[in-house]
Amino acid sequence: MKQPEHKLLYKLFRDHEDVIGESQTTILSLESLITSIKQLKCDKHEIKNQVITLFEVIKNSEPKIMPLINLVVSIEEEFVKNDVFKKESIEEIKNALISLFKKGIARYETTMEDVIRNGSALIHDNDLVGVYTASSLVLQSLVKAKVDEKKKFKALILKQDIVKTKQIVRTLQAVAIPIFVLSQHNLVHYTDYVSMVLLGAISVTRDGKFIAGAGTTSVVDICHLQKVPVYLIADTLKFSHLLCDEHHIHFKNLTEIHGDVELTYTQFSHDKVPLKHIDKIITEKGVINKEEIELMANG
């Protein structure tokens, strides 16, 4: 792949992550890899280079989609260990690769189920749960608490960009969770009533930070100052061995014209948020300590 094609693929990753979240982007990407392998037309001696080149592009994506990257790394280790590219025919190689991708999807789906089960356990009857994320792990934790566990609670949706806010509203309304939408900046007026605020993450980095949607830092700051519990719901495949600044958060410069004023400003796609103000980190392993993150990220 040429560099312009790399940038196009990075943009596709960003756009998908922005709309459907990182967890669903990970599964969709692995399913797309299966389709690509099935449709790939090349000689047997070329397939190894094609696959490795694609894997390198995924690992260098901006921002880094850590569950996908960590699963790709584990798949790489498997096909090296099993000498996949030394099989007799290209069809055998393809079938072996597809089997590894399906194994990765199954592993991640099981991980997500475990996170969602642990996330739903946070919620109790009569809670008012603040939500500032379109993370499927967070939203499905709420859905499970309502549908499977029959808990009676309300959700305070902190408004962000309209695409994500609509997704949150539709998901919760579909299972009849009572909702109230509030500007994130006005959370301070409701901190006496909110039981907790749930957040998601794109990645959790070994230097004690996590990368999340733009505006998350403001929500965390308000909650910390007003003593509202903040819980981060994220699977450990999102843990990164990289430092936060090595994740290359995307930004763009925008221009708006309002009457006789032309305003140019910079907009970042995500926030870099310190973990120190997060009360609990919920994973597929249950609640983990912040001190465990560096070990898991490197492990």
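For clarity, every value in this text was computed on a predicted model and none was experimentally measured. The first residue of the sequence shown is numbered 1, and numbering continues consecutively from there.
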One pair to check against side-chain contact (heavy atoms from CB on, under 4.5 Å): L97 and L33. What are the steps and the verdict? CA-CA 9 Å; L97 289 170; L33 285 171; over 6 Å; no

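- N253 and T266 share a side-chain donor-acceptor pair at under 3.5 Å.
- At least one side-chain heavy atom of L199 sits under 4.5 Å from a side-chain heavy atom of I278.
- Counting heavy atoms from C-beta on, the side chains of T283 and N118 never come closer than 4.5 Å.
- Using a distance-only test at 3.5 Å, with no hydrogens or angles considered, no donor-acceptor pair links the side chain of K144 to the main chain of I116.
- Panel note: side chain D207, backbone C244; a donor-acceptor pair is recorded below 3.5 Å.
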Derivation of the side-chain contact (heavy atoms from CB on, under 4.5 Å) call for E246 and S240: CA-CA 10 Å; E246 295 177 305; S240 171; over 6 Å; no

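- Here the closest heavy-atom approach between residue E149 and residue S120 is recorded as OE2-OG, 2.9 Å.
- Side chains of D271 and T217: a donor-acceptor N/O pair is present below 3.5 angstrom, by distance only.
- Hydrophobic clustering, with ILVMFWY side chains joined whenever heavy atoms are under 4.5 angstrom apart, groups F180 together with L128.
- The hydrophobic clustering, which links ILVMFWY residues whose side-chain heavy atoms are closer than 4.5 Å, places Y132 and Y193 together.
- In this structure, NE2 on H258 lies 6.0 Å from CG on L263, to the nearest 0.5 angstrom.
- Taking NZ of K81 as the start and CD of E77 as the end, the distance is 9.0 Å to the nearest 0.5 Å.
- C223 is listed as a side-chain neighbour of L187, based on a closest heavy-atom distance under 4.5 Å.
- Of the inter-residue distances, the one linking K252 atom NZ with Y265 atom OH reads 8.5 Å to the nearest 0.5 angstrom.
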Report the C-alpha separation of K146 and I123 in whole Å, then their side-chain angles, then the decisive distance to 0.1 Å, and conclude whether the side-chain contact (heavy atoms from CB on, under 4.5 Å) test is met. CA-CA 9 Å; K146 169 70 175 182; I123 301 162; over 6 Å; no

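- A 4.5 Å side-chain heavy-atom check between I93 and K48 finds every atom pair outside the cut-off.
- Checking side-chain atoms of S29 against main-chain N and O of T25 turns up a donor-acceptor pair under 3.5 Å.
- Relative orientation of the F85 and F79 rings is perpendicular, given thresholds of 30° and 60° on the angle between their planes.
- Going from atom OG1 of T35 over to atom CG of L30 covers 11.0 Å, rounded to the nearest 0.5 Å.
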Could you go step by step and tell me if S195 and H124 meet the side-chain contact (heavy atoms from CB on, under 4.5 Å) rule? CA-CA 9 Å; S195 309; H124 301 94; over 6 Å; no

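- Contact annotation: the side chain of F153 approaches that of L142 to within less than 4.5 Å [non-hydrogen atoms, C-beta and beyond].
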Tell me which donor-acceptor pairs under 3.5 Å the side chains of residues 36-44 have, and how far apart each pair is, sequence neighbours excluded?
{"residue": "S36", "atom": "OG", "partner": "S32", "partner atom": "O", "Å": "2.9"}
{"residue": "K44", "atom": "NZ", "partner": "K87", "partner atom": "O", "Å": "2.7"}
{"residue": "K44", "atom": "NZ", "partner": "E88", "partner atom": "O", "Å": "3.2"}

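- The shortest non-hydrogen separation linking I202 to P67 is O-CD, 4.3 Å.
- By the side chain to side chain contact (heavy atoms under 4.5 Å, CB included) test, N82 pairs with E78, V84, sequence neighbours left out.
- For the residue pair A155 and L172, the shortest heavy atom distance occurs at CB-CD1, 3.7 Å.
- Partner of I157 under the side-chain contact (heavy atoms from CB on, under 4.5 Å) criterion, out of V169, L182, I177: V169 alone.
- Using a 4.5 Å cut-off between side-chain heavy atoms of Ile, Leu, Val, Met, Phe, Trp and Tyr, with links allowed through other members, I75 and V80 fall into the same hydrophobic cluster.
- Side chains of T255 and E262: a donor-acceptor N/O pair is absent below 3.5 angstrom, by distance only.
- The aromatic rings of F268 and F251 sit tilted relative to each other, their planes meeting at an angle between 30° and 60°.
- Looking only at side-chain heavy atoms (C-beta outward), D279 and M196 stay at 4.5 Å or farther from each other.
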Are K272 and D245 close enough, and set up right, to give a salt bridge (Lys or Arg N to Asp or Glu O under 4.0 Å), and what steps lead you there? CA-CA 8 Å; K272 299 182 287 186; D245 287 339; 2.7 Å; yes

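- Shown here for S218 and Q184, the closest heavy-atom pair between the two residues is CB-NE2, 3.8 Å.
- The line from CD1 of I233 to CD1 of I281 is 12.0 Å long, rounded to the nearest 0.5 Å.
- Taken together through direct or relayed side-chain contacts under 4.5 Å among Ile, Leu, Val, Met, Phe, Trp and Tyr, L137 and V175 form part of one hydrophobic cluster.
- No continuous path of ILVMFWY side-chain contacts below 4.5 Å connects V273 to L243, so the two sit in separate hydrophobic clusters.
- To the nearest 0.5 Å, atom CE of residue M66 and atom OG1 of residue T205 are 10.0 Å apart.
- Residues F239 and N70 have side chains not in contact (no heavy-atom distance under 4.5 Å, counting atoms from C-beta outward).
- With contacts defined as side-chain heavy-atom distances shorter than 4.5 Å, the pair V230/H224 does not qualify.
- Crowding of K151 atom NZ: a count of heavy atoms from other residues, nucleotides or ligands under 6.0 Å exceeding 12.
- For the residue pair E284 and V115, the shortest heavy atom distance occurs at N-CG2, 3.3 Å.
- Across D127 and L122, no two heavy atoms sit closer than the pair OD2-O, 4.1 Å.
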